[in-house]
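Index from 1, following the sequence.
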Amino acid sequence: MKKITSKVTLGLSAAALALASSSAMAEKWDMPMAYSGSNFHSVTGVEFAKCVTTGTGGDIEITVHPGGSLFKGGDIKRAIQTGQVPIGERLLSGHQNENPLFGVDSVPFLATSFDDAAKLWEAAKPSLEKVLQEQSLELLYSVPWPPQGLYFKDAVGSVADMKGIKFRSYNTATARLAELTGMLPVSIEAAEISQAFATGVAESMVSSGATGYDRKVWESLNYFYEVDAWLPRNYIMVNSDVWKDVSDANKNVIQACATIAEYAGTWRSKEYTGFTLQGLRDGGMTVERANDGLTAELKDIGATMTSEWLEAAGDDGKAVVDAFKAMQ
Ligand code: PCA
C-alpha cells in the first residue's frame, strides 16, 4: 500500500513537472499584418499561424492582427527588429530607403509575370536574407502581389494626361514613378486608401487589382489600366533573438509551415488576379490594357528607374539582376 502511494505521488509530481515545463515553453506570438483581414495575404498568414500553433503542439501560439490594427504597415518592420513583436509581415520595398536591395521587386518591368517574380525572388533571396540578418531579422516566407497597374478617375491615354494628378504612393519606387510622370505623390497605407480617394487626398495609384478590390475603389475611381509593371512582395519576418531561442524541432515546424504558406499564398495571388479584375468591372470600372503609346512611355520611365536602382544598389544589386537574367 505504502509503495503504491509513493508511486502515485511520484507519478503526480512527474505530471506536474511536465505541465510546468510545457507551460514555461508555451509562447504567444502576436503577428501584425498591414492589409485587410479578407486579403489573401492575411488569409495565408492566419493559416500559417494555425499551422505553427498546431505543429508545435501549442509551444508557440501565433495570433494574427490584420489591417494594421496592431502596427501600421510602415511601423511593422521596426516593431519586429526592436522586439516589440516577435513576428510580422511587411512590404519590404517600403524600406528601399534603408537598403536599395529591398526594392528589387519594384524595379519597373524587370519581372512582370508570376514566373519571373518567382525567379527574381530566388535570385534575390540569399542577399535579402543576409541584409535582414544584419538587422536582427530572420526571413520566413514571401508572397507576391498580383501585377501592378494604374488606377485613375478619368480616362488616361498618355503620360501627358497624368500631369498634376494626386497619386497615392506606397514606396520609394511608386513615388519616383509619380515624379517622372508629372504626378504629385502622397504616401498612404493601403488600409487608408478608400478614405483618401473619397476625400480627394489622392486621385490615382499604381497597385494590384487585389488592393483596388479589397478597398472598393470603384466608389471613387473609374479606370484600371493593366500595365504589369512589377509584382511587389510581402515578407514574413521573425526577430533573430526570438528565433535563436526556438528549439530545433519547432524551427523545423515553422519552416515547413512557411514553405506551405509561400506556396498557398502564391497560388491565391494568381487566382485573385482575374477574380479581382472582374470584381473591379462588376463595381463599374473600365478595366483594360494600357494602350501601346502609354505602355512605351511607361517603359522609357521604367528604363530610367532601372538604371537609377542599379546605380543605388551597386554590385550586390547587379549580382541579383545578373543571376535573375541567367535563369531566363
Ligand atoms: N497592394 C499593396 C502593395 C502592392 C499591392 O498590390 C498596396 O497597394 O499597398
K.L.:
Return the CE to CG distance between Met327 and Asp115, rounded to the nearest 0.5 Å.
P.N.:
12.5 Å
K.L.:
Any donor-acceptor pair under 3.5 Å linking the side chain of Asp30 with the backbone of Val85?
P.N.:
no
K.L.:
Of all heavy-atom pairs between Trp309 and Pro100, which one has the smallest distance, and what is that distance?
P.N.:
NE1-O, 2.7 Å
K.L.:
Evaluate the side-chain proximity of Phe167 to Leu150: yes if any heavy-atom separation is below 4.5 Å, no if none is.
P.N.:
yes
K.L.:
In this structure, would Ile193 and Leu91 fall into the same cluster of hydrophobic residues linked by side-chain contacts under 4.5 Å?
P.N.:
yes
K.L.:
Only one of Trp230, Tyr272, Phe40 clears ring pair (Phe, Tyr, Trp, His ring centres under 6.0 Å) with Trp145; which?
P.N.:
Phe40
K.L.:
For residues Thr44 and Ala261, report the shortest heavy-atom separation together with the two atoms involved.
P.N.:
CG2-O, 3.3 Å
K.L.:
Take Lys77 and Phe102 through the side chain to side chain contact (heavy atoms under 4.5 Å, CB included) test and state the conclusion after the steps.
P.N.:
CA-CA 12 Å; Lys77 178 167 170 285; Phe102 292 157; 4.0 Å; yes
K.L.:
Tell me whether the count of non-hydrogen atoms from other residues, nucleotides or ligands lying under 6.0 Å of CZ in Arg289 goes above 12.
P.N.:
yes
K.L.:
Any chance you could lay out the salt bridge (charged side-chain N to carboxylate O under 4.0 Å, His left out) test for Glu138 and Lys251, step after step, and finish with the verdict?
P.N.:
CA-CA 12 Å; Glu138 205 65 40; Lys251 275 188 181 132; over 6 Å; no
K.L.:
Under 4.5 Å between side-chain heavy atoms, counting indirect links through other Ile/Leu/Val/Met/Phe/Trp/Tyr residues: same cluster for Met237 and Leu128 or not?
P.N.:
yes
K.L.:
Under a 3.5 Å distance rule, please check whether Arg268 uses its side chain to pair with a backbone N or O of His41 as donor and acceptor.
P.N.:
no
K.L.:
May I ask you to decide if Gly279's main-chain N or O and Thr276's side chain share a donor-acceptor pair within less than 3.5 Å?
P.N.:
no
K.L.:
What distance separates Glu297 CD from Thr295 OG1, expressed to the nearest 0.5 Å?
P.N.:
9.5 Å
K.L.:
Is the count of non-hydrogen atoms from other residues, nucleotides or ligands lying under 6.0 Å from Asp292 atom CG greater than 12?
P.N.:
no
K.L.:
Taking the side chain from Asn222 and the backbone from Asp154, do they hold a donor-acceptor pair closer than 3.5 Å?
P.N.:
no
K.L.:
Check the pair Asp116 / Gln328 against side chain to side chain contact (heavy atoms under 4.5 Å, CB included), numbers first and verdict last.
P.N.:
CA-CA 8 Å; Asp116 277 356; Gln328 301 295 300; 3.6 Å; yes
K.L.:
Run the salt bridge (charged side-chain N to carboxylate O under 4.0 Å, His left out) check on Asp241 and Lys244 step by step: do they pass?
P.N.:
CA-CA 5 Å; Asp241 289 334; Lys244 212 174 61 230; 3.3 Å; yes
K.L.:
If we ignore hydrogens and angles and just use 3.5 Å, is the side chain of Thr112 paired with the main-chain N or O of Phe109 as donor and acceptor?
P.N.:
no
K.L.:
Identify the heavy atoms of Ala190 and Thr211 that sit nearest to each other, and give their distance.
P.N.:
CB-CG2, 4.4 Å
K.L.:
Take Thr63 and Lys28, measure what side chain to side chain contact (heavy atoms under 4.5 Å, CB included) needs, and give me the verdict at the end.
P.N.:
CA-CA 7 Å; Thr63 306; Lys28 289 189 189 302; 5.9 Å; no
K.L.:
Looking at Arg168 and Met205, would you say the former's side chain and the latter's main chain have a donor-acceptor pair under 3.5 Å?
P.N.:
no
K.L.:
What residue pairs, at least two apart or across chains, pass side chain to side chain donor-acceptor pair (under 3.5 Å) with a residue in residues 180-204?
P.N.:
Lys72-Glu192
K.L.:
Are Leu231 and Leu101 connected in a single hydrophobic cluster, I mean Ile/Leu/Val/Met/Phe/Trp/Tyr linked by side-chain heavy atoms less than 4.5 Å apart?
P.N.:
no
K.L.:
How long is the gap from CD on Glu89 to CZ on Arg233, to the nearest 0.5 Å?
P.N.:
12.0 Å
K.L.:
Please determine whether residues Val131 and Trp243 belong to a single hydrophobic cluster, defined as Ile, Leu, Val, Met, Phe, Trp and Tyr linked transitively by side-chain heavy-atom distances below 4.5 Å.
P.N.:
no
K.L.:
Hey, does the side chain of Thr266 reach the backbone of Glu262 with a donor-acceptor pair shorter than 3.5 angstrom?
P.N.:
yes
K.L.:
Which heavy atom of Gly58 sits nearest to which heavy atom of Ala26, and what is that distance?
P.N.:
O-CB, 3.9 Å
K.L.:
Under 3.5 Å, side chain of Ser42 to main-chain N/O of Ser36, donor-acceptor pair present?
P.N.:
yes
K.L.:
Return the orientation label for the Tyr235 and Trp121 ring planes: parallel under 30°, perpendicular over 60°, tilted otherwise.
P.N.:
perpendicular
K.L.:
Group every Ile, Leu, Val, Met, Phe, Trp and Tyr by side-chain heavy-atom contacts under 4.5 Å, then state whether Ile87 and Leu132 land in the same group.
P.N.:
no
K.L.:
Under a 4.5 Å cut-off applied to non-hydrogen side-chain atoms, are Phe71 and Gln84 in contact?
P.N.:
yes
K.L.:
Side chain of Ser240, backbone of Leu137: donor and acceptor closer than 3.5 Å?
P.N.:
yes
K.L.:
NZ of Lys153: more than 12 outside heavy atoms within 6.0 angstrom?
P.N.:
yes
K.L.:
Are Pro108 and Ile301 side-chain neighbours, meaning at least one heavy-atom pair lies under 4.5 Å?
P.N.:
no
K.L.:
Which atoms form the tightest heavy-atom contact between Tyr35 and Pro66, and what is the distance?
P.N.:
O-CB, 3.5 Å
K.L.:
To the nearest 0.5 Å, what is the distance between CG (Asn99) and CD (Glu134)?
P.N.:
8.5 Å
K.L.:
Knowing that exactly one of Val46, Val52, Thr56 qualifies, which makes a side chain to side chain contact (heavy atoms under 4.5 Å, CB included) with Ile62?
P.N.:
Val52
K.L.:
Under 6.0 Å from the CG atom of Asp282, do we count more than 12 heavy atoms belonging to anything else shown?
P.N.:
yes
K.L.:
Set out, in order, the CA-CA distance, both residues' side-chain angles and the distance that settles side chain to side chain contact (heavy atoms under 4.5 Å, CB included) for Val320 and Ser127, then state yes or no.
P.N.:
CA-CA 8 Å; Val320 170; Ser127 314; 3.7 Å; yes
K.L.:
Side chains of Asn171 and Gln96: do they bring a donor and an acceptor to under 3.5 Å?
P.N.:
no
K.L.:
Grab the two heavy atoms, one from Leu298 and one from Val159, that are nearest each other, plus how far apart they are.
P.N.:
CD2-CG2, 4.4 Å
K.L.:
Starting at CG of Asn252, measure out to OG of Ser247 and round the result to the nearest 0.5 Å.
P.N.:
8.5 Å
K.L.:
Report yes if some heavy atom in the side chain of Leu140 is under 4.5 Å from a heavy atom in the side chain of Phe48; otherwise report no.
P.N.:
yes
K.L.:
Report the residues that fulfil ring-ring contact (aromatic ring centres under 6.0 Å, His included) with Tyr151, sequence neighbours left out, ordered by chain and then residue number.
P.N.:
Phe224
K.L.:
Looking at CD1 of Ile254 and CD1 of Ile60, how far apart are the two atoms once the value is rounded to the nearest 0.5 Å?
P.N.:
4.0 Å
K.L.:
Report yes if some heavy atom in the side chain of Gln148 is under 4.5 Å from a heavy atom in the side chain of Pro232; otherwise report no.
P.N.:
yes
K.L.:
Could you tell me whether the side chain of Ser142 and the main chain of Asn234 form a donor-acceptor pair under 3.5 Å?
P.N.:
yes
K.L.:
For Tyr225 and Phe152, take the angle between the two ring planes, folded into 0 to 90°, and tell me which bin it lands in: parallel under 30, tilted 30 to 60, perpendicular over 60.
P.N.:
tilted
K.L.:
Hey, are the side chains of Val201 and Lys166 touching, using non-hydrogen atoms and a 4.5 Å cut-off?
P.N.:
no
K.L.:
Could you tell me if the side chain of Leu177 sits less than 4.5 Å from the side chain of Met162, heavy atoms only?
P.N.:
no
K.L.:
Please determine whether salt bridge (charged side-chain N to carboxylate O under 4.0 Å, His left out) holds for the pair Arg176 and Glu179, giving the CA-CA distance in whole Å, both sets of side-chain angles, and the decisive distance to 0.1 Å.
P.N.:
CA-CA 5 Å; Arg176 183 70 182 131; Glu179 280 168 13; 2.9 Å; yes
